[in-house]
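The structure appears below as structure tokens.
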Amino acid sequence: MTSDIYSPKNPIDLYPAPPFKPQQQDDTGTAPAMDPKPDHGEESYIGHGRLAGRKALVTGADSGIGRAVAIAFAREGADVALSYLDVEQPEGDSTASWVEKAGQKAVQLPADLSDEQASIKVVDDAAEQLGGLDILVMVAGEMPTVDSIDDFDTETFDHLLRLNVHNMFWMTKAAKKHFAPGAAIITTSSVQGFHPSPALVEYAVTKAGIANFTRGMAQQLAQDGIRVNGVAPGPFWTPLQPSSVPNEKIEVFGEETPYGRPGQPAEIASTYVYLASQEASYTSGETIVVSGGEPLH
Ligand code: NAD
Ligand code: MG
């Protein structure tokens, strides 16, 4: 959509704004089925060697924010292991081809990350197949909407906790064994973790937990030379939305932000690049909000 990410442009009308066409998707959804199509930086991200020689694992790397991060990391010179669900293999293949087009190694590791052994195996396989690991980016997550406490379901919440929260502990523990000083962990919280919406209370609790994990684990791992930071996206145009929220919310998606539109995955990838890179050597425990001007702190 954009020719490059460096010439100044008005962010207000850089990308599509609501009203959007009604659209709903099953399971985790796919980006190609979205209208308009999300921009993951395929045509616009320009690398400058900021992650040259690094070896990164990115979860949720088939679509949305994870895909944009994988593309940006590869263009910055990192080899990238990509994790996603089995059913997302076609989009996973597509992300892998962009990593390879950037001249970097892509390792594909489909897995259900709500499972402990599967999560550990993804980390170990990434380290083995990349020949080491020094960046762990956790993007995978689900966002069930539950309008009323009358519909609270323990099984749904248990699953959500395992994927959005337990997985962070499992992967961090496994990655620490492969890490050397200078390594970086990046989590993905949400504006919901700070300002919860009434229909996303369960999700918002997990996202608050992720920001809190980031602050706490950063202190614990400082002595090992490992930085832990997070990114808190505002509304982003990804398959998570049409597969999680009803059409009345899709049609006005992003309207509440000062920019009046949702962000595109391409507009958040460089925040992950910064936090992963040595440029952020004195930054740990921070969660950076990327929300189209919506103030949080
Ligand atoms: P997305 O649907 O493209 O990515 C989510 C990914 O999570 C899926 O592609 C899938 O690979 C992965 N996933 C889901 N269930 C899984 C499971 N059981 N095992 C392994 N992987 C699984 O959507 P996205 O918006 O790019 O979401 C990425 C992250 O960003 C999520 O953590 C989400 O909570 C967060 N986030 C998104 C928004 C937004 O508006 N899109 C806002 C705030 C935070
Ligand atoms: Mg997906």
Side-chain angles (χ1 to χ4, degrees), residues 25-34 38-40 57-70 82-95 108-116 118-119 121-122 137-145 156 159-168 170-171 186-197 200 202-211 230-245 249-250 253-254 256-257 261-269 271-272 287-292 294 296:
Q25 293 199 48
D26 297 329
D27 300 322
T28 53
T30 74
M34 293 181 75
D39 179 7
H40 312 93
L57 167 61
V58 180
T59 71
D62 58 304
S63 59
I65 294 168
R67 175 181 170 98
V69 169
L82 314 165
S83 189
Y84 43 80
L85 286 167
D86 268 331
V87 292
E88 301 176 312
Q89 188 68 43
E91 279 193 284
D93 289 346
S94 166
T95 306
Q108 294 177 247
L109 302 169
D112 179 352
L113 299 181
S114 66
D115 179 83
E116 180 170 7
S119 299
K121 188 166 163 26
V122 163
V137 182
M138 293 175 282
V139 181
E142 281 181 25
M143 185 181 72
T145 56
T156 303
H159 171 77
L160 187 66
L161 280 175
R162 291 176 72 81
L163 177 63
N164 289 13
V165 179
H166 290 50
N167 171 264
M168 238 176 359
W170 299 328
M171 288 199 135
I186 307 174
T187 63
T188 305
S189 177
S190 168
V191 295
Q192 289 292 328
F194 303 85
H195 290 177
S197 297
L200 291 173
E202 287 86 340
Y203 172 78
V205 163
T206 71
K207 292 295 173 177
I210 292 170
V231 180
F236 272 78
W237 189 246
T238 72
L240 184 83
Q241 300 300 339
S243 64
S244 307
V245 307
K249 295 207 168 122
I250 293 293
F253 190 61
E256 74 285 4
T257 67
R261 66 168 178 88
Q264 292 293 327
E267 297 182 280
I268 200 166
T271 305
Y272 287 82
T287 292
I288 298 181
V289 177
V290 183
S291 64
E294 198 178 342
L296 271 196

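Counting convention: from 1, in listed order, for ligands and their atoms alike. No hydrogens, no waters, no symmetry mates; every other heavy atom, side chains included, goes into these values. Here the structure is a predicted model, which is why all the values come from computation and not from measurement.
- Looking at Q241 next to ligand 1, an N or O pair under 3.5 Å apart turns up.
- For a distance bound of 2.8 Å, the N, O or S atoms of T30 include none lying that close to the Mg ion (ligand 2).
- Residue nearest to atom 30 (O) of ligand 1, selected from I210, T188, V191: T188 (by heavy-atom distance).
- Between the side chains of Q89 and Y84, at least one donor-acceptor pair of N or O atoms lies under 3.5 Å.
- When only non-hydrogen protein atoms are considered, atom 12 (C) of ligand 1 lies nearest to A140 CB, 3.7 Å.
- The part of K207 lying near ligand 1 is the side chain, judged by heavy-atom distances below 4.0 Å.
- The shortest side-chain heavy-atom distance between M171 and T59 falls under the 4.5 Å cut-off.
- For ligand 1, the polar-atom distance check finds no N/O of S190 at less than 3.5 Å from any of the ligand's N/O atoms.
- Looking at atom 36 (N) of ligand 1, its nearest protein heavy atom turns out to be Y203 OH, 3.6 Å.
- Distance from atom 8 (C) of ligand 1 to its nearest protein heavy atom, with residue and atom name: E88 OE2, 3.4 Å.
- The closest donor-acceptor contact from the side chain of S291 to the backbone of E294 lies under 3.5 Å.
- Checked by atom type and distance alone, the side chain of S83 pairs as donor or acceptor with a backbone atom of L109 at under 3.5 Å.
- Residues E256 and P235 meet the side-chain proximity criterion, which asks for heavy atoms closer than 4.5 Å.
- Using a 4.0 Å cut-off to heavy atoms of D112, the atoms of ligand 1 that qualify are 17 (C), 18 (N), 19 (N).
- Within E88, OE2 is the N, O or S atom that lies nearest to the Mg ion (ligand 2).
- Residue W237 has no N or O atom closer than 3.5 Å to an N or O atom of ligand 1.
- For ligand 1, one of its N or O atoms has an N or O atom of V139 under 3.5 Å away.
- Of the N or O atoms in D62, one or more lie within a sub-3.5 Å distance of an N or O in ligand 1.
- For ligand 1, the polar-atom distance check finds an N/O of L113 within less than 3.5 Å of one of the ligand's N/O atoms.
- Distances from atom 5 (C) of ligand 1 to the heavy atoms of P38, G29, G141, G64 show the closest one on G141.
- With a heavy-atom cut-off of 4.0 Å, S63 touches ligand 1 through backbone and side chain alike.
- No N or O atom of Y84 sits closer than 3.5 Å to an N or O atom of ligand 1.
- Polar contact check, T238 against ligand 1: a nitrogen or oxygen pair lies under 3.5 Å apart.
- Heavy-atom proximity to E142, at under 4.0 Å, picks out these atoms of ligand 1: 14 (C), 15 (N), 18 (N).
- Under a 3.5 Å cut-off, the side chain of T95 and the backbone N or O of E91 do form a donor-acceptor pair.
- With S243 as the fixed residue, the side-chain contact (heavy atoms from CB on, under 4.5 Å) test singles out one of M34, Q25, M143: Q25.
- Among the candidates V139, T188, L240, the single residue satisfying the side-chain contact (heavy atoms from CB on, under 4.5 Å) test with P233 is T188.
- Checked against the Mg ion (ligand 2), the N, O or S atom of D62 at the shortest distance is OD2.
- Inclusion of P239 in the set of residues having an N or O under 3.5 Å from an N or O of ligand 1 is not warranted.
- Between E88 and R67 there is no salt bridge, since none of the side-chain N atoms of the basic residue sits less than 4.0 Å from a carboxylate O of the acidic one.
- With a 4.0 Å cut-off on non-hydrogen atoms, M143 does not touch ligand 1 at all.
- The side-chain heavy atoms of T238 and P38, taken from C-beta on, include no pair separated by under 4.5 Å.
- Within the 4.0 Å heavy-atom criterion, neither part of A61 lies near ligand 1.
- The closest approach between any non-hydrogen atom of A68 and ligand 1 is not below 4.0 Å.
- For atom 26 (O) of ligand 1, the closest non-hydrogen atom on the protein side is I65 N, 2.8 Å.
- Annotation: H159 places no N or O atom under 3.5 Å from an N or O atom of ligand 1; distance criterion only.
- At least one heavy atom of S189 sits closer than 4.0 Å to an atom of ligand 1.
- The main-chain N or O of I250 is never found under 3.5 Å from a side-chain atom of Q241 such that the two would form a donor-acceptor pair.
- Looking at S189, its side chain does come within 3.5 Å of a backbone N or O of K207 through a donor-acceptor pair.
- No donor-acceptor pair closer than 3.5 Å links the side chain of D62 to the backbone N or O of P90.
- Considering only heavy atoms from C-beta on, S119 comes within 4.5 Å of L113 through its side chain.
- Atom 6 (C) of ligand 1 has G60 CA, 3.9 Å as its closest protein atom, hydrogens excluded (heavy atom only).
- For the pair S114 (side chain) and H159 (backbone), a donor-acceptor distance under 3.5 Å is absent.
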